[in-house]
Amino acid sequence: MRTAYAADLATLPAGTPVTICGWVNRVRQHGEHLVFVDVRDHTGIVQCVLGKRDDLRPEYVVQISGEVFPRPEGTENPQIPTGSVEVRDAAVTILSEAEPIPFSLDDRIEVEEATRLRHRYLDLRRERMQRNLRLRAKINSAIRAAMEEQGFVEVETPLLWTPTPEGAREFYVPSRTQPGSFYSLPQSPQIAKQLLMVAGFDRYYQIARCLRDEDLRSDRQFEFTQLDMEASFIGQEDVHRFISNAMEKVVAAVFGGRKVEIGKITWREAMGSYGSDKPDRRFGHPLIDVTGVLAKTAVRALSAPHVAALVDPDPSSLSRARLDQLVERARALGAKGLLWIKVTGEGDGYSISSPVAKLLEPAEVEQLLKQTGAGDGDVILLVADEWERAVTTLGQIRLERGRHLADREELDLLWVVDFPLFEGLDEQGKPISAHHPFTMPNEEDLDLLETDPLSVRSQSYDLVLNGWELGSGSIRIHRADIQRRVFSALGIDEETADSRFGFLLDAFRYGAPPHGGFAFGIDRLAALLAGETNIREIIAYPKTQSGVDLMTRAPKRLDAATLAPLGITVQPARQG
RNA sequence: GGACCUGUGGUGCAGCUCGGAGUGCACGCCGGCCUGUCAAGCCGGAGGUCGCGGGUUCAAAUCCCGUCAGGUCCGCCA
């Protein structure tokens with residue numbers, strides 16, 4: 001049926017007979033005797049020349065037979081890879097006709113996303129989507145190769161799993177054989193993979209679908225895909241090595257030999273320098289701790305436990321009105337406010353303007369300039385508050401002020417390590433797990449579990465790429481006594497722990513190896529490597545922000561007769 | 001649960017501030033012309049519930065209220 005793909009034709013000798021199959025991309029009709037038909041397959045577009053023919057329309061599926069020849073001198077098209085050749089004396093067989101399509105498939109024409117999603121099968125014909133999904137397939141393949149090479153074995157785990165009430169909201173699936181009972185779809189294969197370690201698989205991986213019933217965002221869908229891995233008898237460094245190797249293979253597959261280096265900073269450094277646990281370092285301008293400089297300041301707004309400073313990344317855009325907006329923005333982000341200091345001139349000749357200029361001692365200003373390195377034309381932004389609030393507020397402002405300056409080609413990969421084990425307290429005053437309750441505390445901090453839980457560091461780590469959290473992992477608790485102490489710190493009593501995770505705790509009684517692992521989001525990775533800012537662009541059939549599939553119109557109502565065997569009745573109010 | 005942006009022939013947009021006949025542009029579609037084009041060109045034509053509902057007004061795409069849909073973000077995402 002087919003002897004070549006469009007992209008192959010440029011390399012064939014003149015006169016080679018070929019048969020290609022694909023879609024009519026465009027028809028250029030020059031009267032009775034000359035018609036150009038551009039035929040598209042997934043490899044590209046090739047021009048076919050034929051005589052009288054007026055029944056070909058865009059998106060018809062055709063089979064074309066003819067001979068490949070270089071184009072006549074002066075008619076080459078340097079804009080397409082096959083622009084030096086054409087198929088002559090082409091005989092066309094229409095395999096399938098097509099109605100006019102609802103939107104242009106030309107990548108240069110922006111089409112509203114809802115329209116694209118309604119006819120996703122057409123949208124996926126576009127070169128951009130073909131490129132993106134094929135890139136994603138390459139990433140999957142590189143990941144598999146890297147994991148296999150490192151001795152990992154792929155094991156599938158259930159989609160119909162058991163509810164685990166900790167963590168993200170879950171999807172539930174009604175059971176027909178046990179009416180009134182429900183499975184849950186896994187937020188991640190976390191517990192299943194830990195059990196594989198107990199089972200002695202030593203090194204497990206899976207490209208796993210995970211499901212979380214949380215609100216959707218540009219970087220979040222209900223269902224997403226992770227490289228999920230776990231290994232026994234290893235430490236944090238080993239996990240980092242496994243993942244670095246995989247990442248190197250991925251980047252090599254996508255960009256050729258490009259070098260991958262993954263930096264490493266502690267959570268505390270990330271928060272202190274970037275006000276975020278997923279810093280985007282590409283445009284510099286870290287936050288600077290100037291608490292010491294202002295310890296005795298007369299400026300009351302600056303007397304706080306912590307003062308964070310930022311030299312604005314783009315000061316020429318800071319009009320007076322814009323500065324006022326920044327103050328408002330800081331308040332909206334939860335800080336009490338923001339102070340700015342504008343610097344003019346260098347050396348001894350500098351002067352400053354600021355709402356608090358008169359209250360600042362010259363020595364304080366000098367120290368501020370010295371520590372921040374600010375000079376002529378710079379604007380220093382200051383947020384004073386509790387440490388975490390000060391740095392996260394200014395960190396968010398840093399992003400908003402500087403993100404547009406980041407190099408889009410750069411890949412800034414970063415391990416963030418030494419996360420706290422708990423992140424704050426819930427309404428009952430109990431600590432909340434920062435990662436999940438099976439995360440191993442830092443050995444040095446074990447004794448703080450009972451006395452000062454919030455300062456316990458954990459053996460967990462995130463991988464960050466250009467300010468996006470790609471994934472996270474940890475060394476797990478494999479000892480029952482430590483697990484009991486962590487549950488106790490979390491306020492989970494033995495009975496509750498048993499009813500929720502009994503099967504895991506049981507398993508750990510029969511010889512659990514030390515183990516740990518990692519999982520990273522392939523959707524986000526693929527989007528970043530494809531240069532997309534939205535993961536829907538690398539997913540074949542994504543859902544809208546309200547969780548609807550515009551093509552199938554799912555989710556749909558089911559009638560009472562369908563639901564009855566499941567033991568489910570739907571409230572009438574919810575049916576309207 | 002909340003904030004903001006968007007909704008106008010099949011597609012993309014302008015028109016909306018400051019109300020006056022569905023007005024305009026580009027693409028696509030249909031017909032005609034055209035022997036080297038390539039986002040072909042030229043001529044002609046068809047195609048509209050201005051998201052939906054209500055209000056104000058002599059008069060609403062335009063102003064007001066509500067609502068629906070799509071997006072971005074906050075909350076949420078162990």
Side-chain angles (χ1 to χ4, degrees), chain A residues 25-40 45-52 54 57-59 71-80 82-84 86 88 98-119 122-123 164-170 186-188 190-191 210-222 224 329 332-334 396 399-400 419 421-424 426 431-439 458 460 469 472 474 486 490 492 500-501 519 521 524 533-534 536 542-548 550 553:
Chain A
N25 197 61
R26 215 167 246 120
V27 181
R28 290 179 296 279
Q29 191 105 28
H30 290 249
E32 296 229 332
H33 305 288
L34 181 63
V35 181
F36 296 106
V37 180
D38 292 340
V39 176
R40 181 188 73 234
I45 293 172
V46 69
Q47 170 168 286
C48 304
V49 189
L50 41 149
K52 185 180 167 80
D54 61 2
R57 301 278 182 281
E59 301 311 316
R71 294 196 189 180
E73 183 132 14
T75 66
E76 300 90 349
N77 181 356
Q79 289 174 342
I80 60 172
T82 61
S84 61
E86 61 192 12
R88 287 207 199 132
E99 289 179 21
I101 52 172
F103 55 89
S104 170
L105 301 190
D106 191 325
D107 278 339
R108 286 168 296 196
I109 293 161
E110 288 264 329
V111 180
E112 203 173 306
E113 196 179 356
T115 309
R116 295 171 52 201
L117 290 179
R118 202 156 46 242
H119 307 277
L122 293 179
D123 189 41
T164 48
E166 299 282 312
R169 189 182 299 117
E170 299 179 313
Q187 307 169 29
S188 83
Q190 181 60 39
I191 296 175
C210 307
L211 298 107
R212 295 179 189 172
D213 188 6
E214 300 288 353
D215 286 354
L216 285 59
R217 287 279 197 289
S218 61
D219 62 349
R220 271 162 37 189
Q221 286 271 305
F222 284 152
F224 58 98
R329 182 67 186 136
L333 290 167
Q396 181 62 34
L399 264 186
E400 290 169 14
F419 271 75
L421 187 63
F422 306 112
E423 51 172 25
D426 66 13
I432 304 161
S433 276
H435 188 49
H436 56 62
F438 319 114
T439 303
S458 69
S460 68
E469 181 193 321
S472 61
S474 63
V486 169
L490 286 166
I492 301 175
R500 291 182 189 173
F501 313 113
R524 288 181 184 178
T533 56
N534 176 333
R536 294 185 300 274
K543 293 179 180 57
T544 68
Q545 199 158 51
S546 56
V548 171
L550 290 178
R553 301 307 318 192

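What you see is a predicted model; the values in this text were computed from it and never measured. Below, chains carry the letters A, B, ... as their sequence lines are ordered, and counting in each starts from 1.
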Residue pair Arg329(A)/Gly167(A) against RNA chain B: nearer the 5' end by closest nucleotide is Arg329(A)
Reading RNA chain B from 5' onward, which residue's closest nucleotide shows up sooner: Glu214(A) or Arg536(A)? Arg536(A)
Does [N] have a Watson-Crick or wobble mate here (both distances under 3.5 Å), and if so which one?
N       : result
rC13(B) : rG24(B)
rC50(B) : none
rC18(B) : none
rC42(B) : rG32(B)

Phosphate OP1/OP2 of [N]: any [X] side-chain N/O under 4.0 Å:
X         : N       : value
Ser104(A) : rG28(B) : no
Ser218(A) : rC73(B) : yes
Ser546(A) : rG70(B) : yes

Work out how far the [atom1] atom of [N] is from that of [M], and round it to whole angstrom.
N       : M       : atom1 : value
rA3(B)  : rA14(B) : P     : 26 Å
rG22(B) : rG51(B) : P     : 15 Å
rC25(B) : rG15(B) : C1'   : 11 Å
rA60(B) : rC50(B) : P     : 12 Å
rC5(B)  : rA59(B) : P     : 29 Å
rA61(B) : rG9(B)  : C1'   : 14 Å
rC58(B) : rG12(B) : C1'   : 36 Å
rA46(B) : rG28(B) : C1'   : 13 Å

Can you tell me the distance, in whole Å, between the [atom1] atom of [X] and the [atom2] atom of [N]?
X         : N       : atom1 : atom2 : result
Glu113(A) : rC5(B)  : CD    : P     : 20 Å
His33(A)  : rC33(B) : NE2   : P     : 12 Å
Ile432(A) : rC77(B) : CD1   : C1'   : 13 Å
Glu400(A) : rC4(B)  : CD    : C1'   : 14 Å
Arg217(A) : rC4(B)  : CZ    : C1'   : 13 Å
Phe224(A) : rC76(B) : CZ    : P     : 17 Å
Leu216(A) : rA69(B) : CG    : P     : 14 Å
Ile101(A) : rC29(B) : CD1   : C1'   : 12 Å

Pairwise distance [atom1]([X]) to [atom2]([Y]) - rounded to 0.5 angstrom:
X         : Y         : atom1 : atom2 : value
Lys543(A) : Gln221(A) : NZ    : CD    : 7.0 Å
Gln29(A)  : Phe36(A)  : CD    : CZ    : 11.0 Å
Ile45(A)  : Asn25(A)  : CD1   : CG    : 4.0 Å
Glu59(A)  : Leu105(A) : CD    : CG    : 4.5 Å

Give one of base, sugar-phosphate or nothing for [X], where a contact means two heavy atoms less than 4.0 Å apart.
X         : answer
Arg118(A) : nothing
Gln545(A) : base
Glu112(A) : sugar-phosphate

Here the salt bridge (charged side-chain N to carboxylate O under 4.0 Å, His left out) pairs for residues 108-117 of chain A, sequence neighbours left out, are Asp106(A)-Arg108(A), Glu113(A)-Arg536(A), Arg116(A)-Asp123(A), Arg116(A)-Glu537(A)
Could you report the tightest heavy-atom contact between [X] and [Y], atom names first, then the distance?
X         : Y         : answer
Ser188(A) : Arg212(A) : CB-NH2, 4.1 Å
Arg524(A) : Glu469(A) : NH1-O, 2.8 Å
Pro437(A) : Val486(A) : O-CG1, 3.7 Å
Gln190(A) : Phe438(A) : CG-CD1, 4.4 Å

Quick one: which of rG70(B), rU72(B), rC76(B) gets closest to the side chain of Leu550(A)? rG70(B)
Heavy atoms from C-beta onward define the side chain here; which of rC73(B), rG1(B), rC77(B) lies closest to that of Arg220(A)? rC77(B)
Polar pair under 3.5 Å, donor/acceptor by atom type, side chain Asn534(A), base rG71(B): no
Side-chain donor-acceptor contact under 3.5 Å, Gln47(A) with Thr82(A): no
Report, as a single string ordered 5' to 3', how protein heavy atoms within less than 4.0 Å touch nucleotides 36-46 of chain B: B base, S sugar-phosphate only, - not at all. BBBBB------
